[in-house]
A.B. asks: 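Would you mind keeping the following structure in view while I ask a few things?
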Amino acid sequence: MDEIGELRRTCYCNDIKDKQIGEMVTVMGWVDRIRDLGNLTFVDIRDRTGIVQVVISSDKKNGLHGKIKQLRSEYVVSVSGPLIERDAETYNPSLPTGKVEVAVEDIKILNTSLTPPFPMDSEISTSEETRLKYRFLDLRRNNLQRNMELRHRVTMEIRKELDENHFLEIETPILNKSTPEGARDYLVPSRVQKGSFYALPQSPQLFKQLLMVASFDRYFQIARCFRDEDLRADRQPEFTQVDIEMSFVQPEEIFELIENLLKKVFRLIGQEIETPFPRFSYDEVMNRFGTDRPDTRFGLELQDVSDCFKTTPFQVFRNIVADGGFIKGIVAPEGESYSRKEIDDLTAFVRLYGATGLVWIKSTDEGIKSSLPKIVPAEELESAAREVGLKPGQSCLLIAGKSKTVHESLSALRLHLAKKHNLIPPGKCNFLWVRDFPLLEWDEEDNRWIATHHPFTSPRDEDLDLLSTDPGKVKAKAYDVVLNGLEIGGGSIRIHRNSVQKKVFKALGIESEEAENRFGFLLRALRYGAPPHGGIALGLDRLIMMLAGEKSIRSVIAFPKTARAIDLMCEAPSEVDEKQLRELHIKIRE
RNA sequence: GGGGUCGUAGUUCAGCUUGGUUAGAACGCCGGCCUGUCACGCCGGAGGUCGCGAGUUCGAGUCUCGUCGGCCCCGCCA
């Protein structure tokens, strides 16, 4: 093995194409591939920029032969020699550096390597388990190298843009007070304060509002956030938000800022996006798509046929409509009619989302047919068919039930059908805003109103009086930005008046004493000249996942956790010493 | 907490439906040959706790149950 000594790298592998032929170069990197032809050996040297081929012939009697024989995959080497042009017939057109190579005069082995557990070529598939265990090697592979680089470019662009727009990046604490509203907190026991715990931030929400009170006017932070909930392909227990807050703004100003920001970010991948994004009300997207984050790259919108069955002799449907439920459906694409098995599969699919069943109506030469009981009169079926615009040969899939169930299951079915029939055009980016969310939602379990967004979201001015009379009708100054059916950000105008905040707490059933105890610092701040303010947080990981064309958030996070929130590489979490537990005044229950 | 799916050589997978001789392939790895390769080629070789544990059976990679782990989904989370 050799030491680096005074030796200096002259350029990255990929940059060698900009060097002059004949120039002496020194590259340092990893042995990617060795092609040993006997007395002539080619070695591909790889660094984070790319690959360059170096060539060693042993006829020079320069002592290189023995050293070349020692080389193995992933050894770390320094290679020096003149840059030479390859013969035209030996160009490698698939390599950016394919017209040149380094004629090795000196090679130093800076370190050896065990045989890697999987090939460094990211085109070759490897189980995620192995990749996560050897994440430091997975990160060496091209795919993750590109994703990490993209992530860097995106955050740099965001910082640059926000800086140019007078935003200040300010850090907020990681050790916080627990607020048991919303997601479960990650807790950190305090050694100094026996029996007390810090909570890791779910978002810097309250701090950024306090920064507005402190007159910073425009704040942002690329902030790590933590939520102790179960994972998904697009959810990790720690994730990154681009957290933004502004004073003296209305939603439109925030929309424009974000649209401009996303425009700049998407230019990094050479994609020009159209602004302004379409704006939808919450009510409209729920009616048309059954979800607050609709994918508008395809049709298959929801059709409401509840009215057609208001007085139906079919009791199940009549009762559902009478109880305020819905009967809604999707017209199958391209006049598709489904086989018995397909219907069974689709029924099983919607059951996952709480639907009790799936019925179809079909327009045939002999009139409208359906899977509904015979007692349903033909006129009702015909009126439903008219309502959804059913054309001859087409069929429509219907789900009946409570609003929540119908919308959730149909929205999932809509996406399922779009994938099944390949209706999603590749490369399309459909951004949209959803606004006017309900401020409150009725929680069946706890029998009380809970905040849809969070308790600091401002109600619409015109709905303020409804808070005490009809809380469910109150709309919030809240908004989400959605890309291709994925929520990539959300925010709101916040409450800046103490009196309004108190009203909202009251509607949420939070007594003033409790409010004082939990959010006293915020209520106090609102009494000292809090400006009207609002903001938004973008899910950076999801955004980069979309930009990179990845299906999982793990592919854009350097060191992610598994579905069971474990780091397979470090084996975190782990048990701790008895001594550590004692210091923290913690006893583990058996 | 629940459902689905996968777990066999360093890696990716076949074998499991229908239990039966010594568990295969490709890539990788090791050795040899080769002066224009770039997925180099050719010859040879090593390499297995079939995730783990029970059970059924004369006999289990294969069947049953449990368990652990990866991934996806529901719940949860915005």
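What you see is a predicted model, and the numbers here were worked out from it, not measured in a lab. Protein chains get the first letters and strands the later ones, always in sequence-line order, with residue 1 at the start of each.
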A.B. asks: Take the protein atom CZ of Arg141(A) and the nucleotide atom P of U11(B), then report the distance between them rounded to whole Å.
C.D. replies: 13 Å
A.B. asks: Nearest to the Thr115(A) side chain among C38(B), G28(B), G75(B), which nucleotide is it?
C.D. replies: G28(B)
A.B. asks: With sequence neighbours excluded, what pairs up with Tyr282(A) under the ring pair (Phe, Tyr, Trp, His ring centres under 6.0 Å) test?
C.D. replies: Phe437(A)
A.B. asks: Would you mind pulling out the nucleotide paired to U18(B), Watson-Crick or G-U wobble, both distances under 3.5 Å?
C.D. replies: none
A.B. asks: What is the separation between atom OH on Tyr353(A) and atom C1' on C74(B), rounded to the nearest whole Å?
C.D. replies: 8 Å
A.B. asks: Within this structure, what is the CG-to-C1' distance between Asp36(A) and G32(B), rounded to whole angstrom?
C.D. replies: 11 Å
A.B. asks: Could you tell me how far U22(B) sits from C50(B) if I compare only their C1' atoms? Round to whole Å.
C.D. replies: 15 Å
A.B. asks: I'd like to know if Arg351(A) reaches the base of G3(B) with its side chain such that a donor and an acceptor end up less than 3.5 angstrom apart.
C.D. replies: no
A.B. asks: Taking donor-acceptor contacts at under 3.5 Å, does the side chain of Arg72(A) reach the base of C30(B)?
C.D. replies: no
A.B. asks: When you measure only distances, ignoring hydrogens and angles, does the side chain of Arg235(A) come within 3.5 Å of the base of C77(B) through a donor and an acceptor?
C.D. replies: yes
A.B. asks: For Leu37(A) and C40(B), give me the distance from atom CG to atom P, rounded to whole Å.
C.D. replies: 10 Å
A.B. asks: Under the 3.5 Å rule, do the base of G75(B) and the side chain of Asp230(A) count as making a donor-acceptor pair?
C.D. replies: yes
A.B. asks: Kindly confirm whether the side-chain ring of Phe42(A) is stacked on the base of U37(B), judged by centres under 5.5 Å and planes under 30°.
C.D. replies: yes
A.B. asks: Could you pick out which residue, Tyr91(A) or Thr126(A), lies toward the 5' side of RNA chain B when each is mapped onto its nearest nucleotide?
C.D. replies: Thr126(A)
A.B. asks: For the residue pair His454(A) and Phe456(A), does the interplanar ring angle fall in the parallel (under 30°), tilted (30 to 60°) or perpendicular (over 60°) class?
C.D. replies: tilted
A.B. asks: Among G36(B), C74(B), A78(B), which nucleotide has an atom closest to any side-chain atom of Thr90(A)?
C.D. replies: G36(B)
A.B. asks: I'd like to know if Asp138(A) pairs up with Arg141(A) as an ion pair, taking the criterion as any Lys NZ or Arg NE/NH1/NH2 lying under 4.0 Å from an Asp or Glu carboxylate oxygen.
C.D. replies: yes
A.B. asks: Whole-Å distance between G75(B) C1' and Asp228(A) CG?
C.D. replies: 15 Å
A.B. asks: Take the protein atom CD of Glu123(A) and the nucleotide atom C1' of A39(B), then report the distance between them rounded to whole Å.
C.D. replies: 12 Å
A.B. asks: For G61(B) versus G1(B), give the span between their P atoms, rounded off to a whole number of Å.
C.D. replies: 32 Å
A.B. asks: Are any of Asn39(A)'s side-chain N or O atoms less than 4.0 Å away from OP1 or OP2 of U35(B)?
C.D. replies: yes
A.B. asks: Given Arg435(A) and Asp480(A), is the salt bridge (charged side-chain N to carboxylate O under 4.0 Å, His left out) satisfied, shown in steps?
C.D. replies: CA-CA 7 Å; Arg435(A) 51 185 302 172; Asp480(A) 279 356; over 6 Å; no
A.B. asks: For G15(B) versus A25(B), give the span between their P atoms, rounded off to a whole number of Å.
C.D. replies: 15 Å
A.B. asks: Side-chain donor or acceptor of Arg35(A) under 3.5 Å from a matching atom on the base of U35(B)?
C.D. replies: no
A.B. asks: When rounded to the nearest Å, what value does the distance between C1' atoms of C74(B) and G59(B) take?
C.D. replies: 42 Å
A.B. asks: Nearest heavy atom decides the nucleotide; on that basis, is Glu89(A) or Phe118(A) closer to the 5' end of RNA chain B?
C.D. replies: Phe118(A)
A.B. asks: Kindly say whether the aromatic ring centers of Phe505(A) and Phe519(A) come within a distance under 6.0 Å.
C.D. replies: yes
A.B. asks: Checking ring-ring contact (aromatic ring centres under 6.0 Å, His included) against Phe255(A), which of Tyr479(A), Phe431(A), Phe277(A) comes through?
C.D. replies: Tyr479(A)
A.B. asks: Strictly below 4.0 Å, N to O, side chains only: are Asp234(A) and Arg232(A) in salt-bridge contact?
C.D. replies: no
A.B. asks: I'd like to know if Lys19(A) pairs up with Asp15(A) as an ion pair, taking the criterion as any Lys NZ or Arg NE/NH1/NH2 lying under 4.0 Å from an Asp or Glu carboxylate oxygen.
C.D. replies: no
A.B. asks: Between C1' on C40(B) and CZ on Arg33(A), what's the gap in Å once rounded to a whole number?
C.D. replies: 10 Å
A.B. asks: Is there any protein nitrogen or oxygen under 3.5 Å from a nitrogen or oxygen in nucleotides 66-70 of chain B, and what are the pairs?
C.D. replies:
unit_1, atom_1, unit_2, atom_2, d
G69(B), OP2, Arg564(A), NH1, 3.3
G69(B), O2', Glu129(A), OE2, 2.7
G70(B), OP1, Thr562(A), OG1, 2.7
G70(B), OP2, Arg564(A), NE, 2.9
G70(B), O4', Glu129(A), OE1, 3.4

A.B. asks: Quick one: is C29(B) close enough that its OP1 or OP2 comes under 4.0 Å of any side-chain N or O from Ser73(A)?
C.D. replies: yes
A.B. asks: Could you tell me the separation between the NZ atom of Lys69(A) and the C1' atom of C29(B), rounded to a whole number of Å?
C.D. replies: 16 Å
A.B. asks: Paired with U67(B): which nucleotide, if any, by Watson-Crick or G-U wobble criteria at under 3.5 Å for both distances?
C.D. replies: G51(B)
A.B. asks: Can a salt bridge be assigned to the pair Glu238(A) and Arg227(A) using a cut-off of 4.0 Å between side-chain N and carboxylate O?
C.D. replies: no
A.B. asks: Is a donor-acceptor contact shorter than 3.5 angstrom present between the side chain of Glu229(A) and the base of G75(B)?
C.D. replies: no
